[in-house]
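Reading through the structure tokens given below for one structure.
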There are 2 protein chains.
Amino acid sequence: MNDNSILAYAVLGLLQQQPRSGYDLRKIFANTPMRTFTDSPGAIYPALQRLEKRGLVRSHVQETSGLRRRRLFRPTVAGTVVLKNWQRRLITRDDVVNHVDELMLRFSFMDETVGARRAAQFLNALAAELASYIPTLRQFLKAQAQHMPLSGRLALESGIRSYETLLRWSRNSIKIYKKRKKGETRS
Amino acid sequence: MNDNSILAYAVLGLLQQQPRSGYDLRKIFANTPMRTFTDSPGAIYPALQRLEKRGLVRSHVQETSGLRRRRLFRPTVAGTVVLKNWQRRLITRDDVVNHVDELMLRFSFMDETVGARRAAQFLNALAAELASYIPTLRQFLKAQAQHMPLSGRLALESGIRSYETLLRWSRNSIKIYKKRKKGETRS
DNA sequence: AGGTTCATGTAACCCGTTACATGATTTC
DNA sequence: GAAATCATGTAACGGGTTACATGAACCT
């Protein structure tokens, strides 16, 4: 079977927090910083149907009195497993080059699913991959700068800075997890 | 007719620099920081066919002696117009939220197509849109932080920092364009 | 002669986009 | 009772992904 789409994983992560309807998900994708995901019904409802067909979520119509009919979805045990396995995948160069958004999505639900220890491990792996990737970009820029127009050079510089910011963020976040761990063992 | 895909615009921009074959493009997408684009033949060759069907590029087989046959593509006048119009589009909130990559691609060929003045205008518009968008993210984080798990908070913080870095980059780049302009008028 | 690289393609599949459609419930 | 919102769907379309396929030229 195929891998789930990134939208499907976003849905699975949100359902992990609490049961929600398709419309609930659409509202989240429309009104929060998760608006990078589509809130189109033509994407959400088919995605939910696929998840259910694959046995990763279960749904039943809510039949409380006076309310509009809502189909509530919640993850199955298999769905939770699939979500966790996705989050625990090794971080590859390809992830860093082409799928940073997916990496951040994997991370954003980690506390609630695989726990703080795993989250910190994830950050360490991410920092390592970034620390190895960034120099290759800097090297390319240095070698090619003279042959590139100003806008091209600047565009590349922008990409590099973005990765550097992400590296600083991940190192800083690692510290925060360490601090919190200390606080917990003491209390 | 439909808009061209972002891959199609990347191709069009590269052909604007010099005539290239599908294989040339694949090598660029495989071996340079433009590797965010696919180098799959199943994407490149159909994209070139569509561009030709739409009259935006023209191709002819290179018939030099002793070489492997190569189909060289170059933009038509219409293709150049379409590329420039795409680059000159107004920057929207939606661009900043969902299509930053496309914005950077638009910018990266600007010197060679619409010129330095337009590039500087683009940066000003980008900085303005970012300066208006970032506070809404900060506000959301402040309001929701207490209801969010640590990893969720951090993921959002990462997104905000990325936008802040982009804003700093654009302001810095504006300065560089101003400096270069001064130098040119003086010389 | 055989392997590698060059070079160009095709076809099935998946899924997000866009647009349309329907009806119930709340609100004024 | 009209408009807005809630809520869930469907269908055509486009284009990237994956995998397969073919053959010429170059290298050893």
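All chains are named by letter (A, B, ...) in the order of the sequence lines, taking the proteins before the strands, and each is independently numbered beginning at 1. Scope of the values below: all heavy atoms of this structure, side chains included, with no hydrogens, waters or symmetry mates.
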When you compare the side chain of [Y] with that of [X], does any pair of heavy atoms fall below 4.5 Å?
X	Y	result
B:Ser151	A:Tyr177	yes
A:Arg20	A:Ile28	yes
A:Phe29	A:Thr38	no
B:Phe122	B:Leu103	yes

Which of residues 2-22 of chain A sit near DNA chain C, with a heavy atom under 4.0 Å from it? A:Asn2, A:Asp3, A:Ser5, A:Leu7

Please give me every residue in residues 47-55 of chain A whose heavy atoms get under 4.0 Å of an atom in DNA chain C, ordered by residue number.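 Contacts with DNA chain C under 4.0 Å: A:Arg50, A:Arg54.
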
Side-chain N or O of A:Tyr23 less than 4.0 angstrom from OP1 or OP2 on D:dT8? no

Kindly say if A:Tyr45 contacts the phosphate of D:dG9, meaning a side-chain N or O under 4.0 Å from OP1 or OP2. no

With side-chain hydrogen bond (donor to acceptor under 3.5 Å, both in side chains) as the test, pick out the partner of A:Thr113 among A:Arg106, A:Gln87, A:Gln17.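 When side-chain hydrogen bond (donor to acceptor under 3.5 Å, both in side chains) is applied between A:Thr113 and each of A:Arg106, A:Gln87, A:Gln17, only A:Gln87 qualifies.
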
Would you classify A:Arg69 as touching base, sugar-phosphate or nothing, given that sugar-phosphate means primed atoms plus P, OP1 and OP2, and contacts are heavy atoms under 4.0 Å?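 A:Arg69: backbone/sugar contact only, no base atoms under 4.0 Å.
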
Using 30° and 60° as the class boundaries, would you call the ring planes of B:Trp86 and B:Tyr9 parallel, tilted or perpendicular?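 It falls in the parallel class, under 30°.
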
Pairs under 3.5 Å (N/O, protein and nucleotides 17-20 of chain D):
| residue | atom | partner | partner atom | Å |
| --- | --- | --- | --- | --- |
| D:dT17 | OP2 | B:Thr38 | OG1 | 2.9 |

